[in-house]
Amino acid sequence: MLSLSNLAVARGGVTVLRGLTLSVVPGQALILRGPNGSGKTTLLRTLAGLQPPAEGSFDLAPDSVAYAAHADGLKSTLSVTENLSFWSQIYGGPAIDHALTALNLTQLTRRRAGELSAGQKRRLGLARLLVTGRPVWLLDEPTVSLDVASVALFADIVRAHLAKGGLAVIATHVDLGLPEAVVLDLDPYRAKVIQSTGFDEAFA
Amino acid sequence: MKALLLRDLRLAFRSGGGFGLGLAFFFLLSVLVPLGVGPEGSTLARIAPGILWVGALLACLLSLDRIFALDHEDGSLDLLATAPIPLEAVVAIKALAHWIVTGLPLTLIAPGLAIFLNLPPAGYPWLVLSLLLGTPALSIIGAFGAALTVGLRRGGLLLSLLVLPLYVPTLIFGGEVVRRGAENMALATPLALLAAISLGAAALLPFAAASAIRVNLR
């Protein structure tokens with residue numbers, strides 16, 4: 001269960017979104033839409049606990065979150081297996097075979113991450129979500145550089161995650177084919193008055 | 001946590017990992033100083049403790065910016081910050097990995113390089129011991145500096161300027177241990193202070209560094 005109450009988020013001291021009040025129940029996906037710069041990434045980073053909210057609050061345990069950013073966090077000199085088993089060990093060591101199969105990476109296990117194509121890297125980055133075992137997925141443009149088949153594959157994975165009682169907040173521009181998902185257009189929540197929170201931000 | 005340590009060590013030893021850079025620098029410095037200063041044994045013996053310690057310190061400094069910068073660039077740091085291990089532990093582990101990759105090898109080759117500098121025989125055990133006790137402080141203080149500059153592109157210059165003053169006490173007491181050891185003088189005080197700096201840094205700086213990273217990730 002994720003609930004936001006009058007949440008405002010700021011990027012570089014400037015409030016970008018304010019007045020967000022909503023709740024998402026387990027099994028539900030929330031799709032964030034909005035033009036570039038509307039604060040999708042900032043909202044996700046705030047929910048992931050990487051930055052404090054500018055105003056308001058949200059209710060989400062930091063240890064229930066798996067965050068997937070623009071960057072996949074892959075080490076180019078490590079192999080696919082090494083990259084993924086590292087994250088699996090960090091999250092307590094579930095087996096990685098399931099994640100490799102789910103994202104169609106079994107053929108590439110011995111390949112170095114630096115030698116993968118952009119789409120393959122993305123798939124490896126998304127496979128990390130499966131080994132975290134965490135119920136809340138915060139996904140920032142997860143389908144960038146994925147082909148149509150992989151987008152469908154990924155939509156299936158998200159659907160399976162939701163069916164198990166998981167929850168996902170996804171910022172995306174493409175249609176993932178999740179008709180049951182709640183779509184939130186961020187445009188009405190954009191902060192109209194640009195407000196600086198001053199430089200005390202670093203010491204907040 | 002073991003996984004993080006193993007990953008960092010593996011990355012350091014893979015191609016482009018930067019292992020050996022500090023060692024090569026330390027080697028070059030120890031070979032070039034006698035050529036520059038001249039062959040007179042007594043002069044070299046007198047400056048050897050200081051040169052060896054300065055060399056080890058600068059060699060450590062070379063690889064500091066890699067501690068967090070690479071993880072920040074590829075996004076791993078964001079993911080580690082949301083992972084179940086505390087950021088303080090991430091800092092401590094990464095400092096340990098840095099020490100294993102630079103400080104420990106520097107300590108091990110220092111006696112060999114001390115021959116070039118004509119270090120008096122009595123100084124050898126103290127050289128190894130002082131580096132063993134002092135280089136952990138260099139890695140931990142360096143990790144703190146790297147955490148402060150983690151968001152900056154090409155933050156290496158700022159990092160050096162931030163970290164060098166913090167390195168001064170370690171350098172003074174480290175050099176002093178070797179000098180006194182080489183001259184068979186009492187050295188318990190500088191040795192104890194050197195160990196105290198390392199222990200104090202290990203106890204306090206991971207927390208400071210983790211806070212700095214949290215601010216830099218915002």
Side-chain angles (χ1 to χ4, degrees), chain A residues 9-13 41-42 44-54 60-79 82-93 112-114 121 125 128-129 131-134 136-138 140 197 201-204, chain B residues 1-21 66-94 97 101 147-153 208-218:
Chain A
V9 298
R11 173 98 190 129
T41 299
T42 311
L44 287 174
R45 288 182 69 85
T46 307
L47 294 179
L50 290 169
Q51 58 181 77
L60 182 64
D63 60 356
S64 63
V65 173
Y67 173 55
H70 288 280
D72 290 312
L74 303 176
K75 293 293 174 190
S76 56
T77 49
L78 297 182
S79 74
E82 285 168 337
N83 267 301
L84 197 55
S85 53
F86 164 66
W87 288 111
S88 134
Q89 282 163 2
I90 290 287
Y91 284 92
R112 283 184 176 194
K121 278 184 192 157
R128 189 183 60 84
L129 292 168
V131 300
T132 61
R134 292 195 159 180
V136 180
W137 288 1
L138 303 175
D140 198 353
T197 53
E201 187 212 12
F203 306 103
Chain B
M1 299 198 194
K2 206 178 110 204
L4 182 62
L5 180 65
L6 288 177
R7 181 193 74 149
D8 271 21
L9 293 180
R10 197 177 274 157
L11 285 171
F13 291 110
R14 293 267 164 99
S15 62
F19 174 74
L21 181 67
R66 308 177 65 94
I67 298 183
F68 295 115
L70 296 180
D71 275 343
H72 184 253
E73 272 165 31
D74 64 23
S76 314
L77 201 57
D78 282 346
L79 303 180
L80 282 172
T82 57
I85 47 176
L87 209 47
E88 288 79 7
V90 171
V91 172
I93 295 284
K94 288 183 95 57
V101 172
L148 283 175
T149 56
V150 74
L152 305 174
R153 298 246 168 248
S211 310
I213 292 177
R214 283 200 192 96
V215 171
N216 278 331
L217 285 183
R218 281 180 194 173

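Within every chain, numbering begins at 1; the chains are lettered A, B, ... in the order of the sequence lines, protein sequences first and strands thereafter.
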Over all heavy atoms of both residues, which pair between [X] and [Y] is shortest? Give the atoms and the distance, please.
| X | Y | answer |
| --- | --- | --- |
| A:Leu50 | B:Asp78 | CD2-O, 3.9 Å |
| B:Arg218 | A:Pro52 | NE-CD, 3.5 Å |
| A:Ser79 | B:Arg14 | N-NH1, 4.5 Å |
| A:Tyr91 | B:Pro84 | CE2-CD, 3.3 Å |

Checklist entry - Got B:Asp71 and A:Lys75 here, is their nearest side-chain heavy-atom distance under 4.5 Å? => result yes
Checklist entry - Where do B:Thr82 and A:Val65 land on the side chain to side chain contact (heavy atoms under 4.5 Å, CB included) test, with the steps shown first? => result CA-CA 7 Å; B:Thr82 57; A:Val65 173; 5.5 Å; no
Next on the checklist: If we define contacts as heavy-atom pairs under 4.5 Å, which of B:Leu77, B:Leu6, B:Leu80 has the most with chain A?
Outcome noted: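 So the answer, after comparing B:Leu77, B:Leu6, B:Leu80, is B:Leu80.
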Item to check | Portion of A:Asp72 that has a non-hydrogen atom of chain B nearer than 4.5 angstrom | outcome: backbone
Item to check | Part of B:Asn216 within contact of chain A (heavy atom distance under 4.5 Å) | outcome: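 The answer is neither part of B:Asn216.
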Item to check | Part of B:Leu4 lying under 4.5 Å from any heavy atom of chain A | outcome: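 B:Leu4 touches chain A through backbone and side-chain heavy atoms alike.
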Item to check | OG on B:Ser76 to CG on A:Leu74, rounded to 0.5 Å | outcome: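 One finds 7.5 Å between CG of A:Leu74 and OG of B:Ser76.
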Checklist outcome for this item: To the nearest 0.5 Å, atom CG of B:Leu79 lies from atom CZ of A:Arg128 at 4.0 Å
Next on the checklist: Out of A:His70, A:Gln89, A:Glu82, return the one with the most heavy atom pairs under 4.5 angstrom to chain B.
Outcome noted: A:Glu82
